[in-house]
Amino acid sequence: MTMQSSVLPPGLHPETYAVREAVARSQYGEHGEALYLTSSFVQDDCESAARRFAKEEPGYTYTRTANPTVDSFERRLAAMEGTECAVATATGMAALLLVALTTLKAGDHVVASQSMFGSTMKLLGTEMARFGVETTFVPQTDVAAWQAAVRPHTRLLFAETPTNPLTDLCDIRALADIAHDAGALLAVDNSFASPVLQRPVEFGADLVVHSGTKLIDGQGRVMAGAVCGTEKLVDGVMGTFLRSGGLNLSPFNAWVVLKGLETLALRVKAESAAALELAGWLEGRHGVARVHYPGLASHPQHQLAMRQQSGMGGTVLAFDVVGKTPGQLRANAFHVVDSTRVCSITANLGDVKTTITHPASTSHGRLTEEQRQAAGVGQGLIRISCGLEHLDDLKADLARGLDTLQ
Ligand SMILES: *Cc1c(COP(=O)(O)O)cnc(C)c1O
């Protein structure tokens with residue numbers, strides 16, 4: 001919850017807000033934003049404490065209710081997304097839970113993509129189902145299927161674009177129109193693109209959700225999340241729930257991601273440029289069957305990506321290695337991943353260190369072979385989240401395994 005109005009003039013560019021938007025400096029005039037690592041705030045006297053608790057005057061009382069460092073992060077992210085406000089949460093999943101618990105009630109219906117982040121599918125499909133909320137999962141890229149799934153009680157369309165690991169896109173404008181015609185909201189998980197590449201509200205989305213753990217931190221340090229949107233819905237409804245529900249981001253983690261936002265544009269642009277070059281280098285190379293990257297002309301939604309993602313493909317790419325049987329595909333993919341010496345074999349992404357994973361045995365490991373086939377995640381698939389290492393070192397790292405494939 002924001003306590004102060006901005007000290008900046010209005011109408012500045014996102015790049016300027018990324019390094020400047022924050023609460024006012026303290027009486028010490030610190031240049032780097034202060035980290036208010038405190039659980040409560042001391043009041044001058046009983047009368048002013050009473051007024052603050054009654055919200056008759058602005059002022060901090062208790063960090064679960066509001067904290068200046070958390071406020072700074074929320075304001076900076078909202079300015080970058082072009083939304084009225086944002087609320088910060090402990091993790092990306094806490095942000096998704098907050099959206100679900102504040103926009104849905106028993107009897108409501110959700111339409112979501114069948115290739116969303118695994119925990120999001122579990123949250124909507126399993127956990128929320130226990131509270132009488134039903135979700136229909138549809139193919140990510142099939143706009144007609146989203147439309148056909150809408151029912152009289154549909155309250156929320158939930159999209160994630162581009163997806164992990166296959167980089168399939170949603171047409172945000174088309175989904176916003178479907179949602180609004182049905183009297184529903186469109187929420188977009190923007191963790192993979194970040195506001196640097198894609199500002200979903202410009203295409204009609206009502207809510208923007210983030211895992212700040214990924215690109216916003218960008219250096220693999222902390223977990224964080226956020227929801228961005230209107231004052232009424234995000235600060236009003238969601239902020240009120242968050243303050244009672246305790247889904248808060250800690251001030252320390254808020255400070256880390258606040259500083260992460262300052263370099264977000266530089267990192268995302270450099271990592272996207274690296275991903276594009278690596279994807280082009282992989283395409284047609286010995287041992288590679290197919291490359292999935294929205295920045296390549298071979299991607300089925302290349303045109304949409306260029307329109308919706310500021311002309312860039314993003315920082316994540318995936319590719320299938322060659323092989324005939326599932327067993328051979330898996331062995332070949334393991335060989336390529338295990339032959340790397342620079343890339344990290346780890347599930348995180350959006351880090352300045354390049355990460356490499358085998359989705360079929362990790363993030364998508366608990367799916368049945370049929371579900372995996374439906375999601376297009378075969379045993380030969382490898383996902384790469386590009387970091388900032390020298391490209392020649394990354395190419396050599398991948399060539400080591402690819403060149404020695406049987
Ligand atoms: C990681 C991720 C999440 C969940 O975020 P956490 O910070 O891990 O809770 C949600 N959506 C997407 C697209 C993600 O990549």
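Atoms within a ligand are numbered from 1 in the order they appear, just like the ligands themselves.
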Checklist entry - Could you walk me through whether His292 and Phe319 pass the ring pair (Phe, Tyr, Trp, His ring centres under 6.0 Å) check? => result CA-CA 6 Å; His292 311 263; Phe319 64 97; 9.1 Å; no
Are there any N/O pairs under 3.5 Å between ligand 1 and the protein, and if so, what are their distances?
{"from": "ligand 1", "atom 1": "5 (O)", "to": "Ser211", "atom 2": "OG", "distance (Å)": "3.0"}
{"from": "ligand 1", "atom 1": "7 (O)", "to": "Gly92", "atom 2": "N", "distance (Å)": "2.9"}
{"from": "ligand 1", "atom 1": "7 (O)", "to": "Ser211", "atom 2": "OG", "distance (Å)": "2.8"}
{"from": "ligand 1", "atom 1": "7 (O)", "to": "Thr213", "atom 2": "OG1", "distance (Å)": "2.6"}
{"from": "ligand 1", "atom 1": "9 (O)", "to": "Gly92", "atom 2": "N", "distance (Å)": "3.1"}
{"from": "ligand 1", "atom 1": "9 (O)", "to": "Met93", "atom 2": "N", "distance (Å)": "2.9"}
{"from": "ligand 1", "atom 1": "11 (N)", "to": "Asp189", "atom 2": "OD2", "distance (Å)": "2.6"}
{"from": "ligand 1", "atom 1": "15 (O)", "to": "Lys214", "atom 2": "NZ", "distance (Å)": "2.6"}

Item to check | Non-neighbouring partners of Lys353 that pass salt bridge (Lys or Arg N to Asp or Glu O under 4.0 Å), sequence neighbours left out | outcome: none
Checklist outcome for this item: Residue set satisfying salt bridge (Lys or Arg N to Asp or Glu O under 4.0 Å) with Asp351, at least two apart, ordered chain then number -> none
Item to check | With Arg290 via salt bridge (Lys or Arg N to Asp or Glu O under 4.0 Å) - residues at least two apart | outcome: none
Item to check | Exercise: identify the closest heavy-atom pair between Asn253 and Met223 | outcome: ND2-O, 3.4 Å
Checklist entry - What closest approach, in Å, do Ala289 and Val321 show between heavy atoms, and which atom pair accounts for it? => result CB-O, 3.8 Å
